[in-house]
Structure formats: structure tokens, C-alpha cells
Amino acid sequence: MKHKILYIIILFLSITQSSYNIQNAFPNLSFQDPVGIHHAGDGSNRLFVVEQEGRIKVFDNNSTISNAQTFLDIRSIVDQDGGYTEEGLLGLAFHPNYVENGYFYINYTEHNPRRNVIARYSVSNDNPNSADYDSSMIILEVNQPYTNHNGGQISFGEDGYLYISFGDGGSAGDPQGNGQNLSTLLGSIIRIDIDNSSNGNNYSIPDDNPFLDIPNAQDEIYAYGLRNVWKFSWDLETGLLWAADVGQNEYEEIDIIFPGLNYGWNEM
């Protein structure tokens, strides 16, 4: 079956220098290799910062705050290969019903074998600013052949499903051809239902995922042909899913993600 290729590149964004300025929102705080900032959607006005080495910090959303507490510390299981790679703790997403169930999900890399791990944790029963370290439940693991292109974004859509980005496996030029290979989750954005389980997994496949009935295709895949989507998010006005895909040598790419589409890597 052939799939349409959608290839969108934004080449220029014209913004005059006078139209914006940079302000230090939290001048009394500092972080070690931060890769994401999130809120729990619980009305607490707290912010959570993901540090690549394996920590999540939490603090009140107040410009005068001077102390960030450690919400979760998994540095003992996160592998960064010496701290000089694209590996580490890469993503965080709070369950839409976090207020009721206390669940949150993370994406991190571990070695032996080298892989991305998607795991669910729970907040502590006694302290809302601390996670229960022993509550980990593995949702999904994806082996990685190289230390780069681990993707990392993990987020819930308005449909309640969990979306996760995986890079093409790394190195350069996609030597394994993962971007155009529907039999691997590498080089794709996937979409899973973590509120239900099936086929021995701690998740199930949404009924309208685009590759459910395609021979030799992974049912989890939502879109593919991507090199290394580092971040993605939904436009609140239009509901469109925008993804930032890391380019090679000359161009970076911004895509609008639609289900079932092939975004061209590594043929483009």
C-alpha cells in the first residue's frame, strides 16, 4: 500500500526584533540540562522541570521562588553515556485525570540493551511534591541502535491517548532505513491507550489508529518517515499537531502531523 508523502518546511519566520524580548522568569532558580517544563493540570499552580540527567524538579509558579524540590530522581537508572549524548530523561506527561489517579509518565534511556523506556509512576500518597520511586510500571520499551536520535516527547492529546515520538535510531542518514519501515516504531510518532491493556501489554491500540490492518506494520504508529521529532504540541486554536523534526546538515523541519502520513525521511 502506498501512502501520501506530506513534506512541510517553514523556511522563514519574519519577526522584527522589537516585537519581543527575553525575560528570566525564575531568576533565583537554576537547573542542570533542562529539557522540558510542564504543569500537572491539577490547579496547583506548580511547574515541573525535567532535567536530562534523570531528575524532575517541582516549584511554585512564582517569579520570586528560590527553591525547587526534587519530585523524582532516577539518575541511578538513566543512562546518558557520560552525559555527552542525546540520551537521558527526555519526556514527562501527566495523566489527564492526574487529580484522581496521581499517574504520570516519563520517557528515558537505559542501556544493556540500549533502549527508550516509557514508564508510569505515581505521586506519593503523603507528599504532593514527591513521587513514589517504587511505583514504576513499564509501559513500553524500544531498542535503540545508537546513542542519538531518541526523540523524547511524550504527551496526551485531547482524545485522551498518549503520543510518543521516537527518532530513526541514530547515527546519520538513517543507515538502517527505519524512517520508511513500518515494522519498527523508530522514526515515528505513536499513539496508545494507556487506560486499557490488551495482548499482554500495559496499553492497548486505539481503534482508529491508521495502520491497524496493514500487514507487517506496527499498530501503534500514528505517523512515520520522521528523523528525530524532539518536541511536538497541539495548537489550542485549531487542534493541529505540530512537530519539530531535527534536520541533517542544512534544514530543520516543522511538520503538521496527520494520521497515517509518511513525512519522507530518509528519502527526502
Side-chain angles (χ1 to χ4, degrees), residues 1-16 19-20 33-38 50 52 85-88 90-93 107 109 116 118 142 144-158 161-192 209-211 217-218 220-268:
M1 178 177 178
K2 294 183 178 179
H3 303 284
K4 294 180 181 179
I5 293 179
L6 180 67
Y7 193 64
I8 299 174
I9 302 177
I10 295 181
L11 295 177
F12 299 100
L13 181 61
S14 178
I15 301 177
T16 61
S19 66
Y20 64 91
D33 296 331
V35 296
I37 185 167
H38 307 266
V50 178
Q52 189 175 358
T85 71
E86 298 169 14
E87 298 175 308
L90 304 175
L92 166 66
N107 184 352
T109 58
N116 276 76
I118 311 302
V142 176
Q144 292 281 357
Y146 303 100
T147 59
N148 62 331
H149 293 189
N150 294 282
Q153 179 74 23
I154 178 172
S155 187
F156 284 93
E158 288 296 318
Y161 297 132
L162 186 62
Y163 292 70
I164 308 165
S165 63
F166 293 106
D168 64 4
S171 188
D174 190 13
Q176 297 186 348
N178 292 318
Q180 293 298 306
N181 184 2
L182 285 170
S183 68
T184 176
L185 299 184
L186 296 175
S188 72
I189 292 176
I190 73 168
R191 176 180 184 246
I192 58 175
N209 267 18
F211 297 104
Q218 296 292 312
E220 294 89 344
I221 294 176
Y222 187 74
Y224 72 109
L226 297 159
R227 185 169 186 262
N228 185 39
V229 171
W230 171 242
K231 298 294 178 186
F232 61 79
S233 64
W234 285 268
D235 185 330
L236 297 180
E237 293 289 332
T238 65
L240 292 174
L241 176 56
W242 291 79
D245 199 6
V246 176
Q248 182 167 302
N249 299 330
E250 295 185 35
Y251 300 102
E252 306 294 330
E253 181 173 308
I254 299 175
D255 298 309
I256 302 175
I257 301 296
F258 292 99
L261 288 186
N262 177 1
Y263 287 79
W265 178 254
N266 67 357
E267 294 181 355
M268 293 185 174

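Just so you know, these numbers use all the heavy atoms, side chains as well, and skip hydrogens, waters and symmetry mates. Sequence positions, counted from 1, serve as the residue numbers for this chain.
- Using modelled atom types and a 3.5 Å distance limit, the side chains of Gln180 and Asn266 yield no donor-acceptor pair.
- The line from CD of Gln248 to NE2 of His149 is 7.0 Å long, rounded to the nearest 0.5 Å.
- Between the CD1 atom of Ile256 and the CG atom of Asp235 there is a distance of 9.0 Å, given to the nearest 0.5 Å.
- In this structure, CD in Gln218 is found 10.0 Å from CG in Leu186, a value given to the nearest 0.5 Å.
- Screening residues 162-182 for ring-ring contact (aromatic ring centres under 6.0 Å, His included), with sequence neighbours left out, gives Tyr163-Tyr222, Tyr163-Trp234.
- For Glu220, the side chain to side chain donor-acceptor pair (under 3.5 Å) partners two or more places apart in sequence, or in a different chain, are Tyr203.
- At least one side-chain heavy atom of Asn116 sits under 4.5 Å from a side-chain heavy atom of Gln144.
- Considering only residues two or more places apart in sequence or on other chains, Ser233 meets the side chain to side chain contact (heavy atoms under 4.5 Å, CB included) condition with none of them.
- With contacts defined as side-chain heavy-atom distances shorter than 4.5 Å, the pair Val35/Asp33 does not qualify.
- Within the 3.5 Å criterion, the main-chain N or O of Gly152 finds no donor-acceptor partner in the side chain of Asn150.
- Ser171 is linked by a side chain to side chain contact (heavy atoms under 4.5 Å, CB included) to Tyr146, Pro175, counting only residues two or more places apart in sequence or in another chain.
- Leu90 and Gly151 get closest at one heavy-atom pair: CD1-O, 3.9 Å.
- From Tyr224, atom OH reaches atom CG of Asn181 across 10.0 Å, with rounding to the nearest 0.5 Å.
- In this structure, CG in Leu185 is found 12.5 Å from CD1 in Ile189, a value given to the nearest 0.5 Å.
- With sequence neighbours left out, Glu87 forms a side chain to side chain donor-acceptor pair (under 3.5 Å) with Thr85, His111, Arg114.
- The side chain to side chain donor-acceptor pair (under 3.5 Å) test applied to Asn178 returns Gln176, not counting sequence neighbours.
- For Ala217, the side chain to side chain contact (heavy atoms under 4.5 Å, CB included) test picks out Leu182, Phe211, Ile214, with sequence neighbours left out.
- Between the CG atom in Leu226 and the OG atom in Ser188 there is a gap of 7.5 Å [rounded to 0.5 Å].
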**Item:** Val246 and Glu252: CA distance, side-chain angles, deciding distance, side chain to side chain contact (heavy atoms under 4.5 Å, CB included) verdict
**Value:** CA-CA 5 Å; Val246 176; Glu252 306 294 330; 4.1 Å; yes
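- Legend: residues meeting side chain to side chain donor-acceptor pair (under 3.5 Å) with Asp245, ordered by chain and number and at least two apart, are absent.
- A side-chain donor from one of Asp168 and Trp265 sits under 3.5 Å from a side-chain acceptor of the other.
- Residues Ile254 and Trp242 have side chains in contact (heavy-atom distance under 4.5 Å, counting atoms from C-beta outward).
- Listed by chain and residue number, Arg191, Ile205, Pro206, Leu212 satisfy the side chain to side chain contact (heavy atoms under 4.5 Å, CB included) test with Asn209 (two or more places apart in sequence, or in another chain).
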